[in-house]
Amino acid sequence: MRALAIALVLLPSVPRAAPVGGTVTGRLAVVQDGKRIATPADLPAYVYLVELPPQRRKAHPGDSATARIIQRGEQFDPEIRVVSVGTTVVFPNDDFKEHNVFSPTAADQFDLGRYNHGPGRSHKFDDPGDIDVYCDIHKNMRATVKVVDSAWIAPVKDGAFTLTGVPPGSYKVVGWARDSSEAWSDPITVLAGAATMLADELHPRIRKTPTTHTRKDGSPYPPY
Amino acid sequence: MRALIANVVVIVVGPAAIAHAQEVASPASPDGLAERLEELEAAAREVGRLERDVARARDQVAALSWLPRYITAFIDVGAFAVGGDGSGIRSDSLHLHYPRYKDTVSGQWVFMGDPFSTAINSFGEPADTASSREDPDDTINSQGRPSLIVNAVGLAISKAVTDRVSITALAELLPRPGPDRIDVPFAHIDYRPSPEIDLVISAGKIDSVLGVEYRTQDAPRRLGVTPSLICRYTCGRPLGVEARLAQGPATVGLAISNGDSFDERFSPDDQLKANKLPSLSAHVQWQLPVGRGLDIGVSAMLGPQDGQPSLSVYQWHYGFDAALKDLDRWDVVAEVVHGRLQGRTSAELAADAMAGLERARCDLARCLSYKGAYVLVDRRMTSRLTPYVRIDWRDAVLENGVDFVYESHTLRTTVGLHLEMTSRIVGKIEYTWNRELEAPPFPHDVITSSIVVSTD
């Protein structure tokens, strides 16, 4: 007991180094119809980390985070966004015409209503999933918000990715591209200050997805 | 030196102290573990109950949220003033301007001008029809007096029944000086054969496929207040079946319908047809990469003439359209149409005419020959304010035996402002100069406005 007391008294005076996260690097290539293809700019891909074992937290990793998807030129920009659970995504309208952002995805249905040019309206994504986002007026406007229970997300550039500042621990790396299934790595161990290279390339597979969608009431868009 | 000593103490003593602390914190006995287990099970039951509560709450919210999602309501209120007696026609009573009808049609039934040129709302209702015989239903009957009007109270329903099938309908209540009216502009069932193909098959009271103006003809969607002079030939909604396919830059629409796509006021009792063959109509459109898209289209219609029983009397229509969307916030829409109702003349009148006698034509089925065009240009000055200009022209001759003749050769210029006060409140005001190209000038310019308030 005496030793414990001494330690507790002395600990605050011990100079400690700031916690150093590790780095995870690796490669990803999308697979379509059994063929490995590069990840072109119009097929953005992302990776994120899943902790092992999964951690239960009171707060979501993205609770204080915000992201933007701009409506511009009758398109969403960007059309793909990967965010942590709890992130609030703002949808500004840069066009001089009305848009109506909505999602029919069962995991997180929402409807922001019609609004014109301006700072836009927002939605907080509290549930993981691939959330399809559309405009009820312009059928060619389409975005996907992938909501993940992770604080470590990185884009894939030229087939490679780097995740930095990862706390030491065990993880799996998940790779994903638009309209693809997720590709999960084997477990990896991240050490403080060390770089961990993923041994195998991740291969998310493009899935066959519907090329059309309906309006928020379920009726078809007029084809003009 | 003090820090060094402190570090040494921590390194030597620390592990022992931490181990001791862990011993203190760990469960002491099986009884403690059992107690903890019970606590966890109770917590799990509580979580389960809360999850069920959340699911119930979500169901209740979903049950209540359908109304604004599937039903849209709007009210269109307007005010207007029209020159003269409010009508767009005058009789050539003395046969001064069209002497060729002197021996065949009474002068009071030889009309100059266009009965729809004094339209004051999105339906194209004229402020007054005067003595018009083609459109005797004088729904506004302003007689040249300015007035406020509730143009329509609309209720639109659109809902998916299954993944592939949905229903869409619009019902409008039209409060009018005489009896109020109920109109159902469209009501159709839509079927999507596959989510992989942008193909929609619709049956019921369907949209026209001719041209492009019909796409924005209802008050909440129309940029201006009134339709163009040629909308009467392309904006009607017949009973029938249509298929619309979009594939890349191409869009194709095909329709088989009871009759033509004319305004229903021309043959109000003819929805179920007077003859046995349907009309066929089609529209093909190609989008070019200019602005937000430059749509170039061609459309055509062919079928037995409406309003008469013979299969050998036909009518045809063709047109060209172009729509430039959002080129530096400019929009341009233009259409040209040409068409003909063949009509039919009785054998007696035809024989007299062959013998050189002046006789009326088209007594068994009316004859109509028409050409028309319009150009509509607008620019979004701000996200709220859009001024627009439309120039439209119609050249038509309608003959109906000795009953009446219309000689319509009209050129109009319309300027207007479209103000979006909020996404649900839109105000419009426009002024139209009407000019008759062959008849003497008479006052029938129009100033009209509209405020459309709609739910989302």
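A, B, ... follow the sequence lines: proteins, then strands. Residue 1 opens every chain.
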Quiz item: Could you state the interatomic distance from OH (A/Tyr134) to OG1 (A/Thr214), rounded to the nearest 0.5 Å?
Solution: 8.0 Å
Quiz item: Does A/Thr105 use its side chain to pair, donor to acceptor, with the backbone of A/Asp108 at less than 3.5 Å?
Solution: no
Quiz item: In terms of side-chain geometry, is the basic nitrogen of B/Lys159 or A/Asp217 positioned less than 4.0 Å from the acidic oxygen of its partner?
Solution: no
Quiz item: Which atoms form the tightest heavy-atom contact between A/Lys172 and A/Trp184, and what is the distance?
Solution: CD-CE3, 3.7 Å
Exercise. Taking only Lys NZ, Arg NE, NH1 and NH2, and the carboxylate oxygens of Asp or Glu, determine whether B/Arg237 and B/Asp207 approach each other closer than 4.0 Å.
Key: yes
Practice problem: Quick one: which of B/Gly293, B/Gly253, B/Ala160 has the most heavy-atom pairs under 4.5 Å with chain A, could you say? | Solution: B/Ala160
Quiz item: Given B/His418 and B/Val426, is the side chain to side chain contact (heavy atoms under 4.5 Å, CB included) satisfied, shown in steps?
Solution: CA-CA 7 Å; B/His418 176 108; B/Val426 175; 3.4 Å; yes
Exercise. Could you look at B/Leu199 and say if it's the side chain, the backbone, both or neither that has a heavy atom under 4.5 Å from chain A?
Key: neither
Quiz prompt | Which atoms of B/Glu420 approach chain A - backbone, side chain, both or neither, heavy atom under 4.5 Å | solution = side chain
Quiz item: Which answer fits B/Ser158, side chain, backbone, both or neither, if we ask what part of it has an atom under 4.5 Å from a heavy atom of chain A?
Solution: both
Quiz item: Quick one: which of B/Arg379, B/Arg292, B/Arg380 gives a salt bridge (charged side-chain N to carboxylate O under 4.0 Å, His left out) with B/Asp326?
Solution: B/Arg292
Exercise. Using modelled atom types only, decide if a donor and an acceptor are shared between the side chain of B/Lys428 and the backbone of B/Arg222 within a distance under 3.5 Å.
Key: yes
Self-check item: A/Asp136 versus chain B, the contacting section by heavy-atom distance below 4.5 Å
Solution: neither
Quiz prompt | Region of B/Ser423 that comes under 4.5 Å of a non-hydrogen atom in chain A | solution = both
Quiz item: What residues of residues 74-97 of chain A sit under 4.5 Å from chain B when you count only heavy atoms?
Solution: A/Glu74, A/Phe96, A/Lys97
Quiz item: Which answer fits B/Ser194, side chain, backbone, both or neither, if we ask what part of it has an atom under 4.5 Å from a heavy atom of chain A?
Solution: backbone
Practice problem: Identify whether the distance between the nearest side-chain nitrogen and carboxylate oxygen of A/Asp130 and A/Lys146 falls below 4.0 Å. | Solution: yes
